[in-house]
Structures are given as C-alpha cells and as structure tokens.
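Read through the structure below, which is laid out as structure tokens, and then see the notes.
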Amino acid sequence: MSVNSNRRLGHFGALTHASATLRDTLPRPPLWLRYFTAAPETEVLLHMSNLQSHQRAERRQAHLWIPVGVFTLSALFGLATISWNVLIDVGASLVFQLLCWSVGFIIIVSGSTRHQFRLGDPGPFVFAICFLYLIYPSLVWCRVQRLPFNIVLSATDAALLFKLHGLFLLGLAAGYRTSRADRREFMDQRPQTLPSPGPLLVLAFSVLAVGTILRLATGGQLIPTANYSSNWFDHQNAVSASRLQGGITYILTQLLSKVSFYPDTALGLACGLLLATALRTRSTRRTYRSLGVIAALALITYLLGDGARSPVVISVVLAIMFADIIAGPIKLKTIAPAIALLLLAFMFAGYFRTYRDQGVVDAATLAVQDLRSSDEQRTSGEFISMLSKEAAIVDLYRQTAPEGVTYLFQSVLELVPSQLLPQKLDWDRTASTLSQAFLRSGADLGAGVAGTNIGDGYRFAGALGVAVLACI
C-alpha cells in the first residue's frame, strides 16, 4: 500500500473519530423528528421498537387495572345488593378485605418476570382462587346472611373473618414475593422446537383406557353410572381392606396413591404443547381450535373417569400455564372466555356427578336446573361453604389459647408415616374436626371435608397466626 493511501486512510479515520465525537456531544433530536428524518429501514425498526415497548407497557399495566377493576366491580355489587344495615356492621371489614386482595395482587405481579402479568406465574392464579373462596363468599353472605351446614354467623364474627381474610392475603403476597426475589426469569427462555404431545397423550389416556375396557368387560357401560360419592366410599373401603391385609397389597396401594396424578400431569403438559404450538403461529383461529381440542379431551376424561373434577381442572390450568411459559405471554382477552367456561363447567360438574346414576341426559338436565336455581345459597354453595368452615373453627378455638409452636411441630411431624409415629393418629386435625361437626355419622364411615387455612392459622396464633402461616 502506498504512502498516499495510508495518508488518506489516516485522514479518513481522524474524520470518522471527529464525527463520532461531535455526534455524541450534540443534543439528540426529539423522537418525532428522528422518525420523520430517518431512512425507510430505520422507520420500520423504530416503529417495531415502539410497538414492542407499547405492548410491554400494556402487560405491565395489567397488574394495575385488574385489581382496580375487581375492587370497583365488587364495591358496586356490594352497594347494589347489600342492605345498609349490613354495610354499617361489616362494610369497613369488607373494604379492608378487598383492599388487601388488590394490594396483594399488585405485590405478586410486581415480582413476576419483567413486572408483567403472566398466566404462567402461579401467583395470580392463586389469588384468583382466593377471590373465589374468600372474597366471593363474603359478598354472598353480606347479601343473604345464610351459610351452608346451618352455620349461624353474626355480623361481629363476619367482620372478624373478613379481617382474617385480609391478613391471610397480605401474608400470602409477602411470602410469595419474597420467595420470587432471587429466582431466574425462566419465562424468558424460548425453546426453538417443541416436542410432539403424542407420547404424553398416550400416557394420559392409557390408564383411563384400561379402566374403561375392564368396566365394559365386566358388563358395565361406556360412561360409568356410579355417583362420585359411591366411588369415593368404594375407594376408601379398598384402601382400608389393603391396610388390614398388609404385605405387598398395601405397598402397591401406597405406590398407586403416590403416582395417581401422573396421567393428569401428562395430559396437562400435552395440552400445553398443543396450545403453545398454536400460539407460535400467531393465528387466533388455530389458538381457539386448540382450546376446543383441549376442552374435548377434558370432557372425555371427566365422563370416563370416576366423577372427580379436580384432576380435569388441574390438567387444563396446567396446560394454560405451561403454554404461557414456553410460548407466551398469552393475552388475557384471548384466554378469558376459556377460563370463564372452565369455571362454569367446574360448577356444573359439581351437580352432574350427584346424578350420574340417572344417565347422562337426565343428570345433565338436573344439573342445569340446580345451576339455574334462584336459591342463591345453593348456587353459591360451591365456594361459600369455605366461610362455613372458617366460622365453625374460629368459634371452636375462640375460647382456647393458641397452640403456638406445638401446632408447627405437629404439622412437620405429619410428614412422618403413621407406622413410625402412631401417636399422630390421636392428634386433633382441623379437617377431622370439621368432618365430625358437619358430617357426623358420615365422618365415621370415612367421609370428610377439606380443612381451612384461615382456621389453621387461627389455631396457631390467633389473627397474627393467619398472616404468618400464609407467609410461610
């Protein structure tokens, strides 16, 4: 290379350096001016960047408008349906409960990936469940002042329970937010290719297919006609018989109880892959088509199963969360109809399984009649029964001293098999206490009701124990 060429390159480098220095020192023009003076390719990139920023801002704002909207609608519902006498007695506690739910929701979403509302994050889902089992029953009681199981709840006790609900929600949000502080943003990971859901579907339906074939071989029908309660008692009797027999039979029973959720998990993951594949195409039609397939698979699983709803619901929820993690974020307006349909189906199935012995058509007709009943206590009994259990436990342990460390110690020892620690069979459990109070003779036969976290926290350390137990 000649000397003149080197000299020209030196001048060019100096000029480039001077231009870069001058560009960095001068003030940058406003965004609108850069947009109109940029090259066509730059305009496209700038437009795409602005669009992505706008979409991210919308997802971040979702954690604000959702709690604000829920609080506003709940307050309007209360003002329109609750008498002024009840509002005077419990209105402040009800507002405190709603505020705690709204603040807790914001706290949970603020700890999510990029501070966005994500359906793949279990925190918002748990708070939605809390609304159904804590906030909604409170609103219903304020309207009708009745509870299932003939539980009488005074306005004073109702105000106490509403405050305990608020403390539980704040404790839950604080504990979840703390546990999320140092987690990796796993929802930012995007696999390049998705596996086929076929093997998972085979695993999910193999157990169901075997049960259906055995039922048909023994003279049964394709869709079982036994009620859910009958199936439940038969299962409990089989477990008791295997326990008495001991040996390999009891070991197999225990092993099956530990892996019984594997097919439901496989179905949820398979449906999640179906939905994620559709989401990656950015086609609304394919997304709704995949949701239809998921609904059909869930219906087949429920009809051919023993009538339990929780495995089907867990599979669908798992599918939505898994799809959001690997192909999201899913827009709430896209999935909202499916979530509303799932909630309606959950309530419908609660009545349908009671009438399964009368055939599919008659059972569906009676379930619809019950669902459309004008008696609000029946239609809302699916969720309001939680308030009955809380009222019974708080009334029972109001006059006794909190159990404190003893409760925590026994709760940890519950993980130890009863064969190694038979003394724990004599311990007082919240679920057993509620079963005896609500079902009486049915509890002696093995029937039972679920416990309540509010009641457990109150047993532990009173009102403070509710928040602490929710946090840990």
Side-chain angles (χ1 to χ4, degrees), residues 58-59 62-63 65-78 80-81 98 101-102 105 108-109 117-140 143 267-268 271-272 274-276 278-279 284-303 309-324 328-353 364 367-374 376 378-384 386:
E58 282 185 341
R59 291 193 291 267
H63 76 283
W65 64 260
I66 290 178
V68 170
V70 169
F71 180 88
T72 303
L73 292 177
S74 301
L76 292 176
F77 175 84
T81 60
L98 288 171
W101 187 91
S102 302
F105 188 92
I108 280 184
V109 177
F117 173 71
R118 296 292 299 271
L119 293 172
D121 191 341
F125 170 74
V126 171
F127 253 61
I129 297 297
C130 289
F131 181 89
L132 293 175
Y133 283 96
L134 298 180
I135 307 296
Y136 175 70
S138 303
L139 293 171
V140 172
R143 183 179 180 182
L267 178 60
C271 293
L274 288 174
L275 181 57
L279 289 171
T284 304
R285 178 177 299 181
R286 289 198 60 179
T287 299
Y288 282 113
R289 188 184 304 166
S290 66
L291 289 174
V293 173
I294 293 173
L297 294 176
L299 179 61
I300 293 173
T301 303
Y302 175 74
L303 290 178
R309 299 170 298 169
S310 55
V312 179
V313 173
I314 291 174
S315 298
V316 176
V317 172
L318 178 60
I320 296 174
M321 296 177 66
F322 184 52
D324 182 81
I330 303 177
K331 294 181 179 180
L332 185 59
K333 63 181 180 181
T334 301
I335 207 70
I339 296 176
L341 182 62
L342 177 64
L343 180 60
L344 181 62
F346 178 77
M347 299 177 66
F348 169 82
Y351 297 109
F352 178 85
R353 63 182 181 178
V368 171
Q369 292 177 0
D370 286 351
L371 195 60
R372 298 176 57 183
S373 174
S374 58
E376 185 161 1
R378 291 186 64 191
T379 56
S380 61
E382 177 64 46
F383 303 109
I384 201 174
M386 181 61 69

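We find the CG-CZ distance between Leu303 and Phe352 to be 6.0 Å, quoted to the nearest 0.5 Å. Within the model, atoms CZ of Phe346 and CG of Leu132 stand 9.0 Å from one another, a figure rounded to the nearest 0.5 Å. Atom CD1 of residue Ile335 and atom CG of residue Leu279 lie 7.5 Å apart, to the nearest 0.5 angstrom.
The two atoms that bring Phe105 and Pro124 nearest to each other are CE1-CB, 4.0 Å, heavy atoms only. When all heavy atoms of Phe348 and Ala364 are compared, the closest pair comes out as CE1-O, 3.8 Å. Closest approach of Leu98 to Ser74, counting heavy atoms only: CD2-CB, 3.8 Å. Smallest separation of non-hydrogen atoms from Ile330 and Ile320: CD1-O, 3.8 Å. Arg286 and Ala278 make their closest contact through O-CB, 3.5 Å (heavy atoms, listed as atom of the first residue, atom of the second, distance).
Put simply, the side chain of Thr334 does not reach to within 4.5 Å of the side chain of Thr284, judged on heavy atoms. Within the 4.5 Å cutoff, the side chain of Ser102 has no heavy atoms near those of the Val70 side chain. Considering only heavy atoms from C-beta on, Cys271 stays 4.5 Å or farther from Val316 through its side chain. Two residues are said to be in side-chain contact when any heavy atoms from C-beta on lie closer than 4.5 Å; Arg353 and Tyr302 meet this criterion. At a threshold of 4.5 Å between non-hydrogen side-chain atoms, the residues Leu119 and Phe125 do not count as touching. In this structure, the side chains of Leu343 and Ile339 stay at 4.5 Å or more apart for every pair of heavy atoms. Contact of the Ser315 side chain with the Thr301 side chain is not registered, since no non-hydrogen atoms from C-beta on lie closer than 4.5 Å.
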Quick one: do Leu342 and Val317 satisfy side-chain contact (heavy atoms from CB on, under 4.5 Å)? Show the steps, please.
-> CA-CA 9 Å; Leu342 177 64; Val317 172; 4.1 Å; yes
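Between the side chain of Arg143 and the backbone N or O of Thr81, no donor-acceptor pair lies under 3.5 Å. Using a distance-only test at 3.5 Å, with no hydrogens or angles considered, a donor-acceptor pair links the side chain of Ser290 to the main chain of Thr287.
The aromatic rings of Phe131 and Trp101 sit perpendicular, their planes meeting at an angle over 60°, well past the 30° parallel limit.
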